[in-house]
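Worksheet: the structure to be examined is printed underneath.
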Amino acid sequence: MTKRKKKKQHWYTTVGAGVLVILGVLLIAGVLLARPAAFPSAQKYGVTFSQPHASGIGLNWQEVYHAILTDLDVKHLRLVAYWNVIEPEEGVFDFTTLDYQMDQAAAHGAQVILAVGRKVPRWPECHIPQWAQELEEKQQQEVVLTMVSEVVARYKDHPALRMWQLENEPLLDFGICPPADAVFLQQEQQLIRDLDPNHPILITDSGELNWWIDASRYGDVVGTTMYRTVFSDKTQKLFHYDYIFPSWMYRLKSRYVGLLRNKDVLIVELQGEPWGTVPFTQMSIQDREASFSPARFEELLRFASRTQLPEAYWWGVEYWYWEKENQGRDQYWEMAKRIFEPVT
C-alpha cells in the first residue's frame with residue numbers, strides 16, 4: 001500500500017472515529033438529560049372537547065359536555081372557537097355555543113385553553129366558513145385576523161380562560177388547509193399579544209414528526225401531540241402499528257426546548273380514541289380495539305406519565321361517551337373517572 005493510500009485510509013478512520021465519538025457523546029448527553037427525576041411532578045389531566053364532533057357522531061353535545069364537567073369532574077379543558085360556527089356569515093358573529101361552554105366551565109371551576117384561528121383541532125383542521133372559502137389567500141388572512149380579534153376581545157376577561165392556543169400545529173402541513181405560513185402566524189401572535197397581554201399563548205406541534213424547534217419560536221408554551229398507535233393502508237389489509245419513539249424522547253425534546261427557549265411543554269393531544277381509514281362510528285369493535293382498547297388506554301396513561309410532562313389533554317372524550325351511550329360499553333368512561341379523581 002502506498003503512503004498516499006495509507007494516509008487517506010488513516011484520515012477516513014480518524015474522521016469515522018470522530019463521528020462515532022460525537023454521536024456517543026450526544027447520545028449519553030441526551031440520555032442523561034432525559035433521565036427521570038427522582039421525584040416526578042404530579043401530572044394534571046384534561047380533555048379536548050369538540051362541540052361539532054360530538055354532534056357529528058350523533059350525540060347531544062350539551063349532554064356530553066355536562067357529563068365531562070360533572071360525572072368526570074374535569075378541571076382542565078381545551079375548547080375551540082370554530083370559525084365556521086362563530087361566523088357563519090361574513091361579519092355576523094354567533095357565540096352562543098362557545099359562550100355556553102366557557103360559562104359552564106367557569107361555573108364548575110374548570111380552566112380553559114381556548115384554540116383560535118383558521119386551523120384548529122379536528123378534521124379537516126381548517127374549519128373555513130362557506131362564504132370565505134373562495135377568497136384569495138391574502139383576503140382570507142385579513143378576515144381571519146378580524147375573527148381572531150373578535151374572539152380575543154370577547155373572552156380575554158372571561159374567568160375560565162387560562163391561555164390561548166394559536167392555530168393547531170401551524171407549521172405542520174396537514175389537513176385541508178393552505179400551506180404553513182410563519183409570517184402570518186407571527187401577525188396573528190402579535191395581534192393576540194396586543195389585545196390581551198395577560199394570557200399566555202400555546203403553540204402546538206407534532207410529537208412524532210417534528211422536533212418543536214421551529215414551533216417553539218412562537219408563543220409562551222409548547223404543546224405536543226402524542227399518538228402511539230397509527231395505521232397503514234398501503235397493503236390489502238389495514239393494519240395498526242406503534243410508533244417506536246420511547247417516552248424519554250418526548251422528555252428529551254422538552255428539555256431541549258426548555259434549555260433553548262425557556263418554555264414549558266405539555267401534552268395537548270394524548271390519543272384516546274381509535275384511528276383508521278374511516279370514522280370510528282363505521283368501524284367494528286375489533287377494528288376499534290386494534291387501534292384503541294381498554295388495555296391500550298392504561299398503557300397510554302403509563303406512557304404519558306413516564307414522559308414527565310406536567311399536563312396531558314386526552315383526545316377522544318366524545319368517543320368514550322359514544323361507547324357508553326351508543327354501544328353500551330362503559331369501560332372507557334369508567335376508566336376515565338379514575339384518571340380525573342382528585343389527588344388526595
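As a basis for the values below, the full set of heavy atoms in this structure was taken, side chains included, without hydrogen atoms, waters or symmetry mates.
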* Hey, quick one: are Phe292 and Met226 part of the same hydrophobic cluster, counting side-chain heavy atoms closer than 4.5 Å, chains of contacts allowed? -> yes

* What's the spacing between Arg154 CZ and Leu161 CG if we round to 0.5 Å? -> 13.5 Å

* Could you check Thr307 against Arg251 for side-chain hydrogen bond (donor to acceptor under 3.5 Å, both in side chains), going step by step and ending with a plain yes or no? => CA-CA 5 Å; Thr307 68; Arg251 189 163 62 249; over 6 Å; no

* Asked: Run the side chain to side chain contact (heavy atoms under 4.5 Å, CB included) check on Tyr332 and Tyr321 step by step: do they pass?
  -> CA-CA 8 Å; Tyr332 299 103; Tyr321 197 84; over 6 Å; no

* Decide side-chain hydrogen bond (donor to acceptor under 3.5 Å, both in side chains) for Asn168 and Gln165; before the verdict, give the C-alpha distance in whole Å, the side-chain angles of both, and the deciding distance to 0.1 Å. => CA-CA 7 Å; Asn168 192 55; Gln165 177 186 325; 2.9 Å; yes

* Asked: Just one of Thr225, Thr204, Thr224 clears the side-chain contact (heavy atoms from CB on, under 4.5 Å) bar with Glu269, so which one?
  -> Thr225

* Determine whether more than 12 heavy atoms belonging to other residues, nucleotides or ligands lie under 6.0 Å from atom CG of Asn262. => no

* Asked: What about Phe340 and Trp314, are their ring centers closer than 6.0 Å?
  -> no

* So if you build clusters from Ile, Leu, Val, Met, Phe, Trp, Tyr with side-chain heavy-atom gaps below 4.5 Å, do Val47 and Ile339 land together? -> yes

* Provide the full list of disulfide bond (SG atoms under 2.5 Å apart) pairs with a residue in residues 151-208, sequence neighbours left out, each pair given once. => Cys126-Cys177

* Asked: Less than 6.0 Å separating the ring centroids of Tyr319 and Trp333?
  -> no

* Can you tell me how far CZ of Phe93 sits from CD of Glu150, rounded to the nearest 0.5 angstrom? -> 4.5 Å

* Asked: Regarding Arg228 and the six-membered ring of Phe303, is the cationic atom NZ or CZ under 6.0 Å from the ring centre and inside 45° of its axis?
  -> yes

* To do: Report the relative orientation of the aromatic rings in Tyr227 and Trp315; use parallel for angles under 30°, tilted for 30 to 60°, perpendicular for over 60°.
  => perpendicular

* Can you hop from Val92 to Met147 via hydrophobic side chains spaced under 4.5 Å? -> no

* Asked: Can you hop from Val257 to Met163 via hydrophobic side chains spaced under 4.5 Å?
  -> no

* **Phe245-Tyr250 aromatic ring centre distance below 6.0 Å** => no

* Asked: After noting the C-alpha distance and the side-chain angles of Asp287 and Gln282, does the key distance pass the side-chain hydrogen bond (donor to acceptor under 3.5 Å, both in side chains) rule?
  -> CA-CA 10 Å; Asp287 286 342; Gln282 299 174 27; over 6 Å; no

* **Any side-chain donor near an acceptor of the partner, Tyr155 and Asp99, under 3.5 Å** => yes

* **Salt bridge flag under 4.0 Å for residues Arg302 and Glu299** => no

* **From CG (Leu114) to NZ (Lys156), nearest 0.5 Å** => 14.5 Å

* Just checking, any donor-acceptor pair under 3.5 angstrom between side chains of Ser50 and Tyr82? -> yes

* Judged by modelled atom types alone, do Glu63 and Tyr65 share a side-chain donor-acceptor pair under 3.5 Å? -> no

* Considering non-hydrogen atoms only, spot the tightest contact between Gln43 and Ser305 and give its length. => OE1-CA, 3.3 Å

* To do: Give a yes or no on whether Val143 and Ile128 share a hydrophobic cluster (residues Ile, Leu, Val, Met, Phe, Trp, Tyr; joining criterion: side-chain heavy atoms under 4.5 Å apart).
  => yes

* **Check against side-chain hydrogen bond (donor to acceptor under 3.5 Å, both in side chains), Asp103 and His158** => CA-CA 8 Å; Asp103 292 346; His158 198 285; 2.8 Å; yes

* To do: Please indicate whether Glu134 has more than 12 foreign heavy atoms, meaning atoms of other residues, nucleotides or ligands, lying under 6.0 Å from its CD.
  => no

* **Presence of salt bridge, Arg329 and Glu289, under 4.0 angstrom** => yes

* **side-chain contact (heavy atoms from CB on, under 4.5 Å) involving Gln286 - partner list, sequence neighbours excluded** => Ser284

* Of the non-hydrogen atoms in Ala81 and Leu98, which two are nearest, and what is the gap between them? -> CB-CD2, 3.7 Å

* Ile57 versus Asn326, closest heavy-atom pair with distance -> O-ND2, 4.1 Å

* Asked: Should we say atom CD of Glu89 is surrounded by more than 12 heavy atoms from elsewhere, each under 6.0 Å from it?
  -> no

* Asked: Can Arg118 and Gln140 be counted as having a side-chain donor-acceptor contact under 3.5 angstrom?
  -> yes

* Asked: Do you know which two heavy atoms are closest between Leu171 and Tyr218, and how far apart they sit?
  -> CD1-CE1, 4.0 Å

* Asked: Any side-chain heavy-atom pair from Leu191 and Val148 closer than 4.5 angstrom?
  -> yes

* Asked: Are Phe280 and Trp322 an aromatic pair by the rule of ring centers under 6.0 Å?
  -> yes

